[in-house]
Amino acid sequence: MHRGTIFIITKDEKNEFLVQKSTEFNGGMGLDCYGKTIYKMLNDFKQPPFFDEMIRNFNDNFFEYDDDVMTYVADEQQHPYICNNGFKEFSYSRSKNQFKFFKDDNGDYIYTSDSNYIKNLSNEDIQIVCSNGVYILKPNQIMVTDYDECVNNIGYSFDKKFDKKLGIEKLDIGKYIISKKQENILKLIVETLESFGYNTTIGNENGANCYIDIEKWTDGGVDMIQTIDCRNDFSNLYDINKIAYKLEDLANEFDIDAEIDLYREGKDYRDNFTIKESLKDFEQYQNDLKYLSNNFIDRYQKIVYEKFLKKEFEMEEINL
């Protein structure tokens, strides 16, 4: 069943951000069904005090749940709202005007629906951290997500193009506020990769670091670049185990035959390499990738331990 939840972000009497969410509706909550109604409903919605009434009207028209409580308010950032029965209804974390609804500061998932509809009813621009980047939500703009992926700028939801007549706006790109812990981890990952002889370049898309290019020359003098790609979820870039898995994939999926065919299209390469020499050269390069993959975690931990002994950081400032 396709689940869906509706959020609004407002300001309270102290001019502090206030986050409210609806109960989770279960069934047909994608943009190809009730999501169309929700988007139009939110687009027309201007009065935060009537949020609960709006949600109840939607429920009466389409679901007829008999819940006593249908909307929830987060009472404090980084603390979940806990209802009378003791259940945690939702939590989020925030740095300045940047909201994390889908993962907390430790990178752990916060429960979310298949489809989420978030409207900014405050008087300030806010930034929402999604798996595929950081997006600016201006006053009165609405974000739609598939789980934790913003779909406004993609043009489709759950592999289906959504109706342009809905008027779903493309959102401006923000900039991810990196934590000190993430900064340390990324520096250590780069240092570890470079210790194996790879030049590294960090790539940024949609306001967040999301891939690393590693470059190395083969013994025969061919410049090779591989990409550790975390664009589907940029938070994986700060997880050494996820990086290790991606390195393993790079090594296992390296196609020697395809590389030989590609490079032998050039006359200069054919003049300098026989097929046998090409095979030997790329086999060695693949072995280098496998060596990197097999030894990455151990080398990372060794570098971390050496830096810890030198008191360059506290152990809680990184992860092992």
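The structure presented is a predicted model; accordingly, all values stated were derived computationally and were not measured.
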Fill in: Under 3.5 Å: donor-acceptor pair, side chain of N206, backbone of C130
no
Item to complete: May I ask you to test the I256-Q286 pair for a side-chain heavy-atom distance under 4.5 Å?
Response: yes
Worksheet item: When rounded to the nearest 0.5 angstrom, what is the spacing between CD1 in I297 and OH in Y300?
Response: 8.5 Å
Practice prompt. Flag yes if more than 12 heavy atoms outside K164 fall under 6.0 Å of its NZ atom; otherwise flag no.
Written response: no
Item to complete: Can you measure from CG (D281) to NZ (K276) and round to the nearest 0.5 angstrom?
Response: 14.0 Å
Worksheet item: What do you reckon, is OH of Y65 surrounded by more than 12 foreign heavy atoms closer than 6.0 Å?
Response: yes
Worksheet item: Under the ring-ring contact (aromatic ring centres under 6.0 Å, His included) criterion, do F234 and Y211 qualify, and how do the steps go?
Response: CA-CA 8 Å; F234 76 84; Y211 66 91; over 10 Å; no
Worksheet item: Are D60 and R56 within salt-bridge range, i.e. N to O under 4.0 Å?
Response: no
Worksheet item: From L188 CG over to L186 CG, what is the distance, rounded to the nearest 0.5 angstrom?
Response: 9.0 Å
Worksheet item: CG of N241 to NZ of K246: how many Å apart, nearest 0.5 Å?
Response: 13.0 Å
Practice prompt. For the pair R270 and E265, find out whether any cationic side-chain nitrogen is under 4.0 Å from an anionic carboxylate oxygen.
Written response: no
Worksheet item: Between S157 and L31, which heavy-atom pair has the shortest distance, and what is it?
Response: CB-CD1, 4.0 Å
Worksheet item: Does the side chain of N287 pick up a donor-acceptor pair with the side chain of E283 at under 3.5 Å?
Response: no
Discussion item. Side chains of V69 and T23, heavy atoms from C-beta outward: is any pair under 4.5 Å?
Written reply: no
Discussion item. Could you tell me if R299 and S195 have a donor-acceptor pair between their side chains, going purely by distance under 3.5 Å?
Written reply: yes
Worksheet item: Using the benzene-type ring in the case of Trp, are the ring centres of F50 and F45 under 6.0 Å apart?
Response: no
Worksheet item: Can you check whether E277's main-chain N or O pairs, donor with acceptor, with T274's side chain at less than 3.5 Å?
Response: yes
Discussion item. Quick check: F273 with Y263 (ring centres under 6.0 Å apart)?
Written reply: no
Response to the item:
Smallest heavy-atom separation, A244 atom then S293 atom, equals O-OG, 4.3 Å
Worksheet item: If Ile, Leu, Val, Met, Phe, Trp and Tyr residues are connected whenever their side-chain heavy atoms lie under 4.5 Å apart, and connections chain through other members, are M54 and Y72 in the same group?
Response: no
Discussion item. Using a 6.0 Å cut-off, check whether atom CG of D271 has over 12 heavy atoms from anything other than its own residue.
Written reply: yes
Discussion item. Would you compute the distance between atom CG of N43 and atom CD1 of I142 and round it to the nearest 0.5 angstrom?
Written reply: 4.5 Å
Item to complete: Could you tell me whether K138 and D172 have a side-chain N and a carboxylate O separated by less than 4.0 Å?
Response: yes
Discussion item. Side chains of F51 and K119, heavy atoms from C-beta outward: is any pair under 4.5 Å?
Written reply: no
Discussion item. Using 0.5 Å steps for rounding, measure from the CD1 atom of I6 to the CZ atom of F58.
Written reply: 5.5 Å
Item to complete: Please confirm whether the backbone N or O of M70 pairs with a side-chain atom of D67, one donor and one acceptor, at under 3.5 Å?
Response: no
Worksheet item: Is there side-chain contact between I214 and L292, with at least one heavy-atom pair below 4.5 Å?
Response: yes
Discussion item. Could you check whether any side-chain heavy atom of I240 comes within less than 4.5 Å of a side-chain heavy atom of I189, counting everything from C-beta outward?
Written reply: yes
Discussion item. If only side-chain N and O atoms count, and only distance matters, is there a donor-acceptor pair under 3.5 Å linking T71 with Q20?
Written reply: no
Worksheet entry | Presence of salt bridge, R231 and E205, under 4.0 angstrom | yes
Fill in: Crowding at CD, E306 (>12 non-hydrogen neighbours, <6.0 Å)
yes
Discussion item. Do V73 and I8 land in one hydrophobic cluster if side-chain heavy atoms of ILVMFWY residues count as linked below 4.5 Å?
Written reply: no
Worksheet item: Can you name the one residue among T227, L193, D229, T201 that meets side-chain contact (heavy atoms from CB on, under 4.5 Å) with I212?
Response: L193
Worksheet item: Does a side chain donor of either Y269 or S278 reach within less than 3.5 Å of an acceptor in the other side chain?
Response: yes
Worksheet item: Looking only at heavy atoms, what is the nearest atom pair of R3 and E24, with distance?
Response: CB-OE2, 3.6 Å
Practice prompt. Kindly work out whether a path of hydrophobic side-chain contacts (I/L/V/M/F/W/Y, heavy atoms less than 4.5 Å apart) joins Y39 to F63.
Written response: yes
Fill in: Residue pair V19, K21: steps toward the side-chain contact (heavy atoms from CB on, under 4.5 Å) verdict
CA-CA 7 Å; V19 179; K21 72 179 280 283; 5.8 Å; no
Discussion item. I'd like to know if D233 and K242 make a salt bridge, using a cut-off of under 4.0 Å between side-chain N and carboxylate O.
Written reply: no
Practice prompt. Say whether L247 and I303 are linked into one hydrophobic cluster, either directly or through other cluster members, by side-chain heavy-atom distances under 4.5 angstrom.
Written response: yes
Worksheet item: Are V222 and W217 connected in a single hydrophobic cluster, I mean Ile/Leu/Val/Met/Phe/Trp/Tyr linked by side-chain heavy atoms less than 4.5 Å apart?
Response: no
Practice prompt. Without swapping roles, check the side chain of N199 against the backbone of K216 for a donor-acceptor pair under 3.5 Å.
Written response: no
Fill in: Ring centroid separation F7 to Y117 under 6.0 Å
no
Worksheet item: Charged N to carboxylate O under 4.0 angstrom, D298 versus K302?
Response: no
Worksheet item: Distance-only, no hydrogens or angles: does the N132 side chain make a donor-acceptor pair with backbone N or O of C150 under 3.5 Å?
Response: yes
Worksheet item: What do the steps show when you test K103 against V129 for side-chain contact (heavy atoms from CB on, under 4.5 Å), and what is the final call?
Response: CA-CA 9 Å; K103 283 189 176 182; V129 178; over 6 Å; no
Item to complete: Kindly state whether the ring of F25 and the ring of F62 have centres lying under 6.0 angstrom apart.
Response: no
Fill in: Y109-F102 aromatic ring centre distance below 6.0 Å
no
Worksheet item: Does the ring center of F196 lie less than 6.0 Å from the ring center of F296?
Response: no
Discussion item. Are the side chains of T112 and T5 in contact, using a 4.5 Å heavy-atom criterion?
Written reply: no
Discussion item. Tell me whether I275 at atom CD1 has more than 12 heavy atoms from other residues, nucleotides or ligands lying less than 6.0 Å away.
Written reply: no
Worksheet entry | D114 side chain vs G30 backbone, donor-acceptor pair below 3.5 Å | no
Worksheet item: Would you say R94's side chain and F101's backbone share a donor-acceptor pair under 3.5 angstrom?
Response: no
Discussion item. A side-chain contact here means heavy atoms from C-beta on lying under 4.5 Å apart; do D125 and L137 qualify?
Written reply: no
Worksheet item: How far apart are the C-alpha atoms of Q98 and V134, what are their side-chain angles, what is the distance that settles it, and do they pass the side-chain contact (heavy atoms from CB on, under 4.5 Å) test?
Response: CA-CA 9 Å; Q98 190 164 107; V134 180; 3.9 Å; yes
Worksheet item: Quick one: does I126's side chain get under 4.5 Å of I9's, heavy atoms only?
Response: yes
Worksheet entry | Distance-minimising heavy-atom pair for K100 and Y176 | NZ-OH, 3.5 Å
Worksheet item: Taking the six-membered ring for Trp, are H2 and F158 ring centroids under 6.0 Å apart?
Response: yes
Discussion item. Keeping D44 on the side-chain end and M41 on the backbone end, is there a donor-acceptor pair under 3.5 Å?
Written reply: no
Practice prompt. Kindly say whether E124 contributes a backbone atom to a donor-acceptor pair with the side chain of N120 at under 3.5 angstrom?
Written response: yes
Discussion item. I'd like to know whether Y135 forms a side-chain contact (heavy atoms from CB on, under 4.5 Å) with N152, so could you lay out the CA-CA distance, the side-chain angles of the two residues, the decisive distance to 0.1 Å, and finally the verdict.
Written reply: CA-CA 9 Å; Y135 298 89; N152 289 59; over 6 Å; no
Discussion item. Treating Q182 as the side-chain partner and S179 as the backbone partner, does any N or O pair qualify as donor plus acceptor under 3.5 Å?
Written reply: yes
